[in-house]
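What follows is one structure encoded as structure tokens, with my remarks underneath.
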Amino acid sequence: MWGIIRQRAACKGNHASNLEQGIRAIALRTFSSSAKQMTVRDALNSALDEEMSADPKVFIMGEEVGEYQGAYKISKGLLDKYGPDRVVDTPITEAGFAGIGVGAAYYGLRPVIEFMTFNFSMQAIDHIINSAAKSNYMSAGQISVPIVFRGPNGAAAGVGAQHSQCYAAWYGAIPGLKVLAPYSSEDARGLLKAAIRDPDPVVFLENELLYGESFPISDEVLDSSFSLPIGKAKIEREGKDVTITAFSKMVGYALQAADILAKEGINAEVINLRTIRPLDRSTINSSVRKTNRLVTVEEGFPQHGVGAEICATVVEDSFEYLDAPVERIAGADVPMPYAANLERMAVPQVEDIVRAAKRACYRSH
Amino acid sequence: MACSATTRIIHNPLAISSSRSAEKSDFSCKILSPSSFWGSASLGKKLLSVNKAISPISRRSATVVAVSDVVKEKKLKSSSSVSNLLITKEEGLVLYEDMVLGRAFEDMCAQMYYRGKMFGFVHLYNGQEAVSTGFIKLLKKEDCVVSTYRDHVHALSKGVPARQVMSELFGKTTGCCRGQGGSMHMFSKEHNVLGGFAFIGEGIPVATGAAFTSKYKREVLKEDCDEVTLAFFGDGTCNNGQFFECLNMAALWKLPIVFVVENNLWAIGMSHLRATSDPEIWKKGPAFGMPGVHVDGMDVLKVREVAIEAVGRARRGEGPTLVECETYRFRGHSLADPDELRDPAEKAHYATRDPITALKKYILENKLASEAELKAIEKKIDEVVEDSVEFADKSPVPARSQLLENVFADPRGFGIGPDGKYRCEDPKFTEGTAQV
């Protein structure tokens, strides 16, 4: 159902196809002039490749990143290219190798630590927060930690409760961390490059179901010095009736919902947050001041979630502009069930977003 | 009886080195009974484990033989003959001064705490100075030290000025972390003190990472780098998962690190023997393929001997070593600890083994320096500590604007642009309200 995500500028009649071979994007030229297509997986792989070749201090460490070519094949081909000293397969010791990455970052290298999923990062969360995020502050700027923790976040398909949690809200609460959540290939490439070059600890939340998704990208994105700014959201679709904020996979759903709403005369503005921390409050607020209604969409648990923060920030800064209460769409407040129909109910779907937007516009009856 | 078994084997060095495999297993079972742990009559006997039999890769343990042989020879000949002294006069004075500094500083911290100048959690190092001095005085400036919350003396030994440490404890802006770290988080980039961690076991992977960096610099970046990292932690940490994870990875990748266990037998109020299934921590090294060494941590010269070999191993690229130093803390776990669970007899016993008194005795007996010189050092240290307190007192508290500083290294949190500079410095980048 989540099949094909179409962008505004999508090439006509061009199906997104998964390109498994090669590291560089292979152009799937269509008859319309533009876009090359690139999967998120290839985008991440190419970003890692380019950053590793540009700076010899960058290295990758994690489970199965080397000989297995990456648990989700994100680091495919990198072991052959850079050798086992720079693409380090670890034993199953999240706390250990996350800490080793932090120590290496303290002392001058630029590690990229991969968690097979962010659920496993809970075993290493002490290092992400206490020894990475807080160090620049505790040492008064002496020791900065240029580390990237990356991996898939959020629900996949049918993987059960312990493999499906979204960690954006937890990591987004920590001062000293930058938390990024890309959606498209352009986001993935640009943000990962920015994260690796960044002097601060970055938590890079990918999404397993998006890895195989193909998106059109421009030549500018393929340039090796391309990077996106951190802390800036992107307005994926402009509108004037209701603002829908989302990140990661939910951006795709929000765009689909916006298409459905457009048919009913509601012109929705979709904001792709891109960065959870530091949150781009100015973009969100100016959008709400324009549309006067807000729907926040996220996949994680509702309490203390990203949507709660966005709602609070809008109430604080743009209260007089709100014409309706803020609608929060989040995952169900239960551990993720396994059965397919229950799982579908536990994760937001396009219809939920559509209904929420209509409620915000006082159009539901 | 355990004691006599110990004595017997130590005086038969040849028996040990030659028939290592056979004797090793009984060796380890016989000698260390719990009572021998508490500094029994066989004071300061060193027990060294060589894992040649168990480890399938014999090359790793080859050089540990050198430790046991070198040290055993010295022990046999240690009848105070002048030609076989373990240290020169200069080294002796350096060691003495460092230990006295550690002791005087910590005593001053206690005073200041009870006067209200210092607050929060303060963990003092009295009694354990031999470990810090014995190891850290062998390091270069580029070598790293990673410690726990009991880190004042590690920072001092590594070279952080006493003034900066005292100001940090007072919470003043002239402290080594500008007052933002505190007692448990001493960081110094200049002296390569990588913290100061409050969670036990948290520093071990960080230290392993710094060692990984040394190796990476040497092998991938092809720099001339033989920097070594020391990780200090206690007996309680040795039951923690991260410790084992790092022993495994350090031995697997042969990282230049020395794991120094400051076994002071107590984790707050939990006795090591109540908490650990096998209290002999040095044995955990060979289980992971690295040598495990037990040394009397109340004797700085013995610690130094073992340290020379362990640090040397790491520098030569032969991999990690686990060194268990049996030591004792004279004060409670922290200044808030009433310290009721420890037996006063035990405390009295260890007080007689004070490392500073022991070194002083050694220096004077071997005529390395005179009483007057040692007194001069003590006086100098008193002045240094007094001066540091005055300096800290007079220093200003942090400005209000300092609250929000240093959260990120990147000034506005917008990341780095394609040209390699911070985006916020690019005048064309529209300013957002991203809060740092």
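A, B, ... follow the sequence lines: proteins, then strands. Residue 1 opens every chain.
Residue contact with chain A, scored on non-hydrogen atoms closer than 4.5 Å, involves the backbone and the side chain of B:L403 alike. Contact of B:A207 with chain A is not made at all, since no heavy-atom distance falls under 4.5 Å. Both the backbone and the side chain of B:I416 come within less than 4.5 Å of a heavy atom of chain A. For B:E227, the part lying under 4.5 angstrom from a heavy atom of chain A is the side chain only. Proximity to chain A (any heavy atom under 4.5 Å) is shown, for B:F243, by neither the backbone nor the side chain.
Taking 4.5 Å as the limit, some side-chain heavy atom of B:S188 sits within range of a side-chain heavy atom of A:Q142. Residues A:N136 and B:F187 fail the side-chain proximity criterion, which asks for heavy atoms closer than 4.5 Å. Contact of the B:F197 side chain with the A:N130 side chain is not registered, since no non-hydrogen atoms from C-beta on lie closer than 4.5 Å. Side-chain atoms of A:K57 and B:V220, non-hydrogen and from C-beta on, never get closer than 4.5 Å to each other. Residues A:R86 and B:Y216 meet the side-chain proximity criterion, which asks for heavy atoms closer than 4.5 Å. A 4.5 Å side-chain heavy-atom check between B:P205 and A:F97 finds every atom pair outside the cut-off.
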- prompt: Where do A:K178 and B:D410 land on the salt bridge (Lys or Arg N to Asp or Glu O under 4.0 Å) test, with the steps shown first?
  reply: CA-CA 10 Å; A:K178 292 179 180 169; B:D410 164 13; 2.6 Å; yes

field: Full working for side-chain contact (heavy atoms from CB on, under 4.5 Å) between A:D280 and B:F414
entry: CA-CA 10 Å; A:D280 190 356; B:F414 292 129; over 6 Å; no

field: Pair B:T213-A:Y106, side-chain contact (heavy atoms from CB on, under 4.5 Å): steps then yes or no
entry: CA-CA 9 Å; B:T213 303; A:Y106 275 20; over 6 Å; no

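Rounded to the nearest 0.5 Å, atoms CZ (B:F408) and CG (A:L177) are 7.0 Å apart. We find the SG-OH distance between B:C225 and A:Y107 to be 6.0 Å, quoted to the nearest 0.5 Å. A:S139 contributes atom OG, which lies 7.0 Å from atom CG of B:N406 (distance to the nearest 0.5 angstrom). The distance from atom CE of B:M249 to atom OG1 of A:T90, rounded to the nearest 0.5 Å, is 6.5 Å. Here CD of B:Q242 is found 6.0 Å from CG of A:D126. Values are rounded to the nearest 0.5 Å. For the atom pair OG of A:S227 and CZ of B:R423, the computed distance is 4.0 Å after rounding to the nearest 0.5 Å.
When all heavy atoms of A:P56 and B:L221 are compared, the pair lying nearest together is CB-CD2, 3.4 Å. Taking all atoms of both residues into account, the shortest heavy-atom contact from A:A140 to B:R178 is CB-CD, 3.4 Å.
Between the side chain of A:D200 and the main chain of B:A409, a donor-acceptor pair closer than 3.5 Å is present. The main-chain N or O of B:G181 is never found under 3.5 Å from a side-chain atom of A:Y137 such that the two would form a donor-acceptor pair.
Top candidate by heavy-atom pairs under 4.5 Å with chain B, chosen from A:V102, A:L228, A:V145, A:D223, is A:L228. Looking only at heavy-atom pairs under 4.5 Å with chain B, the residue among A:P111, A:P91, A:P146 that has the most is A:P91. Most heavy-atom pairs under 4.5 Å with chain B: of the set A:K134, A:M61, A:E94, this distinction falls to A:M61. The candidate with the highest count of non-hydrogen atom pairs below 4.5 Å against chain B, out of A:S131, A:P175, A:G141, A:A194, is A:S131. If you tally non-hydrogen atom pairs under 4.5 Å between each of A:S135, A:S144, A:P201, A:P199 and chain B, the highest count goes to A:P199. Counting heavy-atom pairs closer than 4.5 Å to chain A, the top residue among B:G209, B:A250, B:S214 is B:G209. In terms of heavy-atom pairs under 4.5 angstrom with chain A, the leader among B:G203, B:G196, B:G415 is B:G415. Your options are A:V202, A:I143, A:L109, A:T275, and the one with the most heavy-atom pairs under 4.5 Å with chain B is A:L109.
Other residues, nucleotides and ligands place more than 12 heavy atoms under 6.0 Å from the CD atom of B:E223. Heavy-atom neighbours of A:Y321 OH from other residues, nucleotides or ligands within 6.0 Å: at or below the threshold of 12.
Between B:F212 and A:F59, the angle of the ring planes lies from 30° to 60°, which puts this pair in the tilted group.
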